[in-house]
Engineer: 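This is the structure I have questions about; it appears just below.
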Amino acid sequence: MEIRDLYRDVILDHNRQPRNFGVLVPPARQATGHNPLCGDRLEVYVRLEGERIAEVSFEGKGCAISVASASLMTEAVKGRTTAEADAIYRNIHHVLTAHDAPVEASLGKLAALAGVRDFPARVKCASLCWHTLHAALAASEPQSVTTE
Ligand code: ZN
């Protein structure tokens, strides 16, 4: 399937029916992400069991790309270790920001996010949730990140 078709189908699906949408209560970790360029604002919640992400969810308002990316992200990192989630974060960041970066098959559905490279103004929409997750994993206190 072409990245472009995958992009359209997966973004539409995950925007319409976001997965893992909702709040996790403390002691779950939490971070807030804000993309002032577009107005996207997301809360990401993570509950760790040891080094493993037992639960992850998000809530907030944003454009289709920011919501779909967050939904895809929760599916991708749930059940992973924090180190694995960090590796996925770095991989996605590279795919989103380096236009000629290869899109590895191991990315699965996340490969759809590479479609955003055709719309450079939306890269921050797609990467917002990933920065927010990264902040939530990095500290036990609630965090706040902005794409600016
Ligand atoms: Zn956006």
Side-chain angles (χ1 to χ4, degrees), residues 1-26 28-48 53 55-80 82 84-148:
M1 199 182 230
E2 291 288 327
I3 289 284
R4 198 166 307 220
D5 297 336
L6 188 66
Y7 174 75
R8 195 191 52 229
D9 293 352
V10 171
I11 299 293
L12 280 177
D13 172 34
H14 279 259
N15 179 51
R16 205 176 288 141
Q17 287 185 298
R19 320 298 200 269
N20 304 302
F21 192 85
V23 175
L24 297 181
V25 296
R29 294 179 178 212
Q30 178 195 343
T32 304
H34 183 214
N35 173 18
L37 269 185
C38 180
D40 311 315
R41 191 178 283 278
L42 298 173
E43 308 276 336
V44 172
Y45 302 89
V46 197
R47 189 172 65 77
L48 295 176
I53 297 172
E55 284 186 274
V56 53
S57 71
F58 78 102
E59 211 182 35
K61 279 195 164 60
C63 65
I65 294 169
S66 66
V67 170
S69 182
S71 173
L72 285 162
M73 177 189 78
T74 60
E75 279 195 330
V77 303
K78 195 172 187 172
R80 306 283 191 133
T82 55
E84 286 167 344
D86 215 46
I88 298 171
Y89 163 79
R90 285 197 304 273
N91 198 345
I92 284 293
H93 192 257
H94 185 57
V95 162
L96 287 175
T97 54
H99 202 269
D100 53 354
V103 180
E104 294 163 24
S106 64
L107 283 175
K109 267 195 219 166
L110 292 178
L113 293 176
V116 86
R117 296 191 294 198
D118 290 343
F119 313 96
R122 314 310 294 278
V123 166
K124 285 179 176 173
C125 301
S127 62
L128 176 66
C129 63
W130 295 90
H131 291 304
T132 311
L133 173 73
H134 191 68
L137 289 176
S140 52
E141 296 296 312
Q143 299 293 306
S144 187
V145 296
T146 169
T147 53
E148 289 304 286

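Side chains are part of it too, since the values below use all heavy atoms of this structure and drop only hydrogens, waters and symmetry mates. First listed ligand is number 1; within each ligand, the first listed atom is number 1.
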Engineer: Less than 4.0 angstrom from a charged side-chain N to a carboxylate O is my criterion; do Asp118 and Arg4 meet it?
Structural biologist: yes

Engineer: Evaluate the side-chain proximity of Thr147 to Leu37: yes if any heavy-atom separation is below 4.5 Å, no if none is.
Structural biologist: no

Engineer: Could you tell me if the ring centre of Phe58 sits under 6.0 Å from that of Phe21?
Structural biologist: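 Yes, the ring of Phe58 comes within the 6.0 Å limit of the ring of Phe21, centre to centre.
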
Engineer: Are Lys78 and Glu55 within salt-bridge range, i.e. N to O under 4.0 Å?
Structural biologist: no

Engineer: Over 60° means perpendicular and under 30° means parallel, so tell me whether Tyr89 and His131 are parallel, tilted or perpendicular.
Structural biologist: perpendicular

Engineer: Check for me: within less than 2.8 Å of the Zn ion (ligand 1), which protein N/O/S atoms show up?
Structural biologist: Cys38 SG, Asp40 OD1, Asp40 OD2, Cys63 SG, Cys125 SG

Engineer: Ignoring hydrogens and geometry beyond distance, is a side-chain donor-acceptor pair present between Asp86 and His134 at under 3.5 Å?
Structural biologist: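 Side-chain D/A pair, Asp86 to His134: present.
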
